[in-house]
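Taking it in order: structure first as structure tokens, then the write-up.
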Amino acid sequence: MAGDDFGFSIAISGDFMLIGAPGFNNGHGAAFLYKKNNQQWELDKVFENPIQTTNEGFPHKFGYSVALTNDYLSISSPFYNDGLVYVYSLDRLIFKNIYKPIH
């Protein structure tokens, strides 16, 4: 959608690509994880701002910057208070699409 800023930040590691869209949902933001399958990028998981409903009037810009390794991904939310970074573990040994936030 217009204003989502899809592609504002991008990270690639192996067969995964993480794309930030800090303007998504009125500036609360999101990040989209894609997996390469048969030379095609397929959407694997959408990460929406986990605290967007607690402060609906103030855009946090979740997805402003992203990083990705084979084991972890991180998504920043720089305009929430003094800034916040979410780190998720990519645990694909048990079930497909298990993403656990690290607190």
Side-chain angles (χ1 to χ4, degrees):
M1 300 277 308
D4 284 354
D5 298 325
F6 182 83
F8 189 86
S9 55
I10 300 173
I12 297 176
S13 180
D15 289 336
F16 291 94
M17 177 170 50
L18 185 61
I19 300 176
F24 182 83
N25 192 19
N26 297 317
H28 288 294
F32 299 83
L33 182 66
Y34 289 85
K35 183 177 181 185
K36 194 178 237 184
N37 186 13
N38 295 323
Q39 302 304 314
Q40 297 291 324
W41 290 105
E42 297 176 355
L43 184 62
D44 193 57
K45 171 78 175 164
V46 176
F47 294 88
E48 292 192 40
N49 185 340
I51 55 174
Q52 65 190 356
T53 58
T54 61
N55 194 352
E56 294 179 7
F58 185 75
H60 303 156
K61 299 294 186 178
F62 181 81
Y64 192 87
S65 61
V66 296
L68 178 65
T69 69
N70 290 334
D71 298 317
Y72 299 97
L73 65 86
S74 64
I75 305 167
S76 75
S77 189
F79 300 111
Y80 175 75
N81 290 336
D82 289 330
L84 190 59
V85 175
Y86 296 88
V87 179
Y88 297 87
S89 173
L90 299 175
D91 182 358
R92 297 180 173 275
L93 300 176
I94 302 170
F95 299 105
K96 186 176 188 283
N97 296 337
I98 300 296
Y99 301 93
K100 298 178 266 186
I102 297 172
H103 300 286

For [X] versus [Y], what's the shortest heavy-atom pair and its separation?
X: Val66; Y: Ala31; result: CG1-CB, 4.4 Å
X: Asn70; Y: Ser13; result: OD1-OG, 3.2 Å
X: Pro59; Y: Gly27; result: CB-O, 3.3 Å
X: Glu48; Y: Phe62; result: C-CE2, 3.7 Å

Using 0.5 Å steps for rounding, measure from the [atom1] atom of [X] to the [atom2] atom of [Y].
X: Lys36; Y: Met17; atom1: NZ; atom2: CE; answer: 8.5 Å
X: Leu73; Y: Phe47; atom1: CG; atom2: CZ; answer: 4.5 Å
X: Ile19; Y: Asp5; atom1: CD1; atom2: CG; answer: 13.0 Å
X: Tyr34; Y: Asp15; atom1: OH; atom2: CG; answer: 16.0 Å

Report yes if the side chains of [X] and [Y] come closer than 4.5 Å at any heavy-atom pair, otherwise no.
X: Tyr88; Y: Ile75; answer: yes
X: Tyr80; Y: Asn49; answer: no
X: Tyr64; Y: Phe79; answer: yes

Exercise. Give a yes or no answer on whether the side chain of Ser9 reaches the backbone of Gly63 with a donor-acceptor pair at less than 3.5 Å.
Key: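 Yes, because the side chain of Ser9 sits within donor-acceptor range (under 3.5 Å) of the backbone of Gly63.
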Quiz item: Do His60 and His28 pass the side-chain contact (heavy atoms from CB on, under 4.5 Å) test, and can you show the C-alpha distance, the side-chain angles, and the key distance before you say yes or no?
Solution: CA-CA 5 Å; His60 303 156; His28 288 294; 4.0 Å; yes
Quiz item: So, for Phe32 and Phe6, is the gap between ring centers shorter than 6.0 Å?
Solution: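 Judged by ring-centre distance (under 6.0 Å), Phe32 and Phe6 do meet the cut-off.
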